Amino acid sequence: MAGNVTSLFRGTAAHSPSMAALTRESGDGSGPVDFCIPCNPYFPTPAMFEEMAARLRDIVTYYPSGADTITAELCGLLQLPPQCVAMGNGSTELITWIDHLLVRESLAVPVPTFGRWTDQPMETGKRVDMFPLQEAGGFALDLAQYADFVRTRGTRTVVICNPNNPDGGYLRKHAVVQFMDAMADRDLVVVDESFLEFADAEAEPSVVQEAMLRPNVIVLRSLGKNFGLHGIRFGYLVANPALAGRVRSMLPKWNLNSFAEYVVFMLKEHGAEYAQSLAQVRRDRLEMASRLSELPGLTVYPSQGNFLFVRLPVGAEGTVVRDRLLTEHRILVRECGNKIGSSSRFLRLVVRPQVDVRRLVSGLEQVLYGTSRRGAAVPELGNGTSYSSGTAAVDRLVSATNGAGLAAVSAAALSAPAASAAAVPAAVSQPLPQAVPAPTPVPQPVPVPTPTPTPMPTPMPTPTPAPQPMPAAAGLTPPGVPARGGLTAAQVRGTNGLTPAPATGWPSPGSWPNAAGMDQAG
């Protein structure tokens, strides 16, 4: 593998080669220890895997049930009304449909974050307003400043990820609800809770119940990450019936596969094991953060996800560290140089059992501090410092504008043969954040007066007038007018089956966590 490792990473459209590709390249049929893909290492249990293996022939031979049947079973476990839920073939399928159906002209998102929230709308010609999370502030998101940024830009769709990927930053539930209400005049607010079940900062951190009562809010949740089953590809969104139904109506009848169905119908018997797996991941996160923090020069950021965001010591280049960990120690890590708002000095490391963490720490010590025959890792200029989304049109836009999304985009930069008119964003109406000089290559917000940080406003604050109002366009929701197509809170409360279910806390044996997935005792 040593001679081909660089080409493996450069030859993939994703951020890393698949485990199947790495296993083929190893020559001995075994893959590396995976600190890259963030999934639950403790669930399903070995007994559950044995049960699935025994039924493998039937699972792969026959069609699954329709999505409505599988969704109804999941909703019974999570105490959610099926009218408010749409299941997808992975969260990325749902992000794609949200973009195509509900995002009209512009989308705001803090960066760094999950790449599909920047790449997907850019691929379909939307303006993406990126709000940079500052390294000096530990990549924490100030919701009041973000709300002001959204109003200044006139952005119509707003996204927050809680916890955020890759840094694991967490927003408390009351602050998220206040933010949702402050954004009631936007077309859409998306709260991506893909990693929320690994959080332990609050007993009930999810806003799924509140989302169902609002006309313009979608909560996105993952099953593959929580259950340690990325290969099955399943996730779901929660919204009011109008929003959820609009997405659900566009999905194919058999968009969920037979493995997804089998796992969902297994879950009611394994709620206790699932709860125990989440508790173990949280314990492992504390232990792993402690061990990594002992490495000289390595910075570990607080996280509520099942991963840790770390900054390498000065002089260490992420791609070099990544390649050497893989070739010398058979450890796969996520180098974050291709995430907008990050750089190659950062790694995202998945929380794993202590035996694997000891192997990781040993490998990092040898690579970083020169205790191996190849010496300490040194910077290599030109490696891992550019952004690569895996999508040609997006890469050309970012390259042409130095990642800033300037209003005047070079026609030559966007006219390569592989690009289509639909895939290339049109001229950006206002400049996006400019790049910050070294040492932290993240973009800055547009040059507007910086607001003094204040507590989150009460619901429905008076919008701050933007210094450059957005031009009127046919079919767009005017600022200050609630988004169309949804139900009011009163209408939803008056619909049978939509009364928020009471919190139930951790499952007793044979039962399942509530929609928030958290223990009342924290």
Side-chain angles (χ1 to χ4, degrees), residues 13-15 37-39 67 71 84-131 155-166 176 180 183 186-197 206-208 211 216-226 229-240 243-252 255-257 260 305 338-341 389-391 393-394 397-398 422-423 425 483:
H15 57 73
I37 306 302
C39 61
T71 300
C84 293
V85 175
M87 287 190 71
N89 186 34
S91 60
T92 51
E93 180 181 59
L94 297 173
I95 291 172
T96 301
W97 281 112
I98 289 170
D99 173 52
H100 280 287
L101 295 174
L102 304 173
V103 180
R104 290 186 278 183
E105 61 171 274
S106 55
L107 179 145
V109 62
V111 292
T113 195
F114 178 50
R116 293 313 301 166
W117 284 121
T118 54
D119 295 359
Q120 173 62 41
M122 290 174 76
E123 290 166 12
T124 53
K126 313 301 194 311
R127 192 188 80 232
V128 180
D129 297 334
M130 304 179 197
F131 181 77
T155 319
R156 301 310 305 163
T157 296
V158 187
V159 176
I160 56 176
C161 296
N162 191 35
N164 190 42
N165 173 12
V176 176
M180 287 159 45
M183 296 288 103
R186 304 294 98 176
D187 292 338
L188 184 67
V189 178
V190 181
V191 182
D192 188 337
E193 294 184 348
S194 290
F195 296 98
L196 190 64
E197 294 203 13
S206 179
V207 295
V208 292
N216 68 331
V217 178
I218 288 177
V219 173
L220 189 68
R221 309 207 82 201
S222 172
L223 294 173
K225 300 176 182 67
N226 300 339
L229 295 169
H230 278 282
I232 288 183
R233 310 301 304 137
F234 54 173
Y236 64 101
L237 62 78
V238 182
N240 72 70
L243 281 178
R246 188 172 178 189
V247 175
R248 194 169 53 245
S249 68
M250 299 301 295
L251 297 172
N255 70 314
L256 302 174
N257 61 66
N338 71 337
K339 275 190 175 290
I340 296 177
S389 70
T391 303
V394 176
L397 175 64
V398 174

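By convention here, the first residue in the shown sequence is residue 1. Bear in mind the structure is a predicted one, so any value in this text is a computation, not a measurement.
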Are [X] and [Y] close enough that some pair of their side-chain heavy atoms sits under 4.5 Å apart?
| X | Y | value |
| --- | --- | --- |
| K225 | E197 | no |
| V158 | R186 | yes |
| N162 | L196 | yes |
| H100 | Q120 | yes |

Closer than 3.5 angstrom, by distance alone: can the side chain of [X] be matched with the main-chain N or O of [Y] as a donor-acceptor pair?
| X | Y | answer |
| --- | --- | --- |
| K339 | T113 | yes |
| R156 | R104 | no |
| N164 | P112 | yes |
| H230 | P38 | yes |
| N226 | S222 | yes |
| E193 | V207 | yes |
| N255 | M87 | yes |
| N257 | I232 | yes |

Q. What is the distance from atom OG of S249 to atom CG of L101, rounded to the nearest 0.5 Å?
A.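 Spacing of OG (S249) from CG (L101) equals 7.0 Å.
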Q) How many angstroms lie between atom CG of D119 and atom CG of D99, to the nearest 0.5 angstrom? A)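 Between atom CG of D119 and atom CG of D99 there are 11.0 Å.
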Q. Between R116 and E123, does at least one N-O distance fall below 4.0 Å, as a salt bridge requires?
A. yes
Shortest non-hydrogen separation from [X] to [Y] and the atoms involved:
| X | Y | answer |
| --- | --- | --- |
| W117 | L220 | CZ2-CD2, 3.9 Å |
| V128 | P121 | CG2-CG, 3.7 Å |
| M183 | N216 | O-ND2, 3.2 Å |
| S106 | T155 | OG-CA, 3.5 Å |
| A244 | A239 | N-CB, 4.0 Å |
| L256 | N89 | CD2-N, 4.1 Å |

Q. Yes or no on side chain to side chain contact (heavy atoms under 4.5 Å, CB included) for V111 and M130, after CA distance, side-chain angles and deciding distance?
A. CA-CA 6 Å; V111 292; M130 304 179 197; 3.9 Å; yes
Q. Among I160, V189, V219, which one satisfies side chain to side chain contact (heavy atoms under 4.5 Å, CB included) with V176?
A.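 Of the listed residues I160, V189, V219, the side chain to side chain contact (heavy atoms under 4.5 Å, CB included) partner of V176 is I160.
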Q.
My understanding is that only one of L237, V238, L188, V217 makes a side chain to side chain contact (heavy atoms under 4.5 Å, CB included) with L243; could you say which?
A.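 The side chain to side chain contact (heavy atoms under 4.5 Å, CB included) with L243 is passed solely by L188 among L237, V238, L188, V217.
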Q: Return yes if a side-chain donor-acceptor contact under 3.5 Å exists between T157 and D187, otherwise no.
A: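 Short answer, no.
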Q: List the steps, then state whether side chain to side chain contact (heavy atoms under 4.5 Å, CB included) holds for W97 with L251.
A: CA-CA 9 Å; W97 281 112; L251 297 172; 3.4 Å; yes
Q.
side chain to side chain donor-acceptor pair (under 3.5 Å), that's the test. Do T92 and R233 meet it? Break it down for me.
A. CA-CA 9 Å; T92 51; R233 310 301 304 137; 3.2 Å; yes
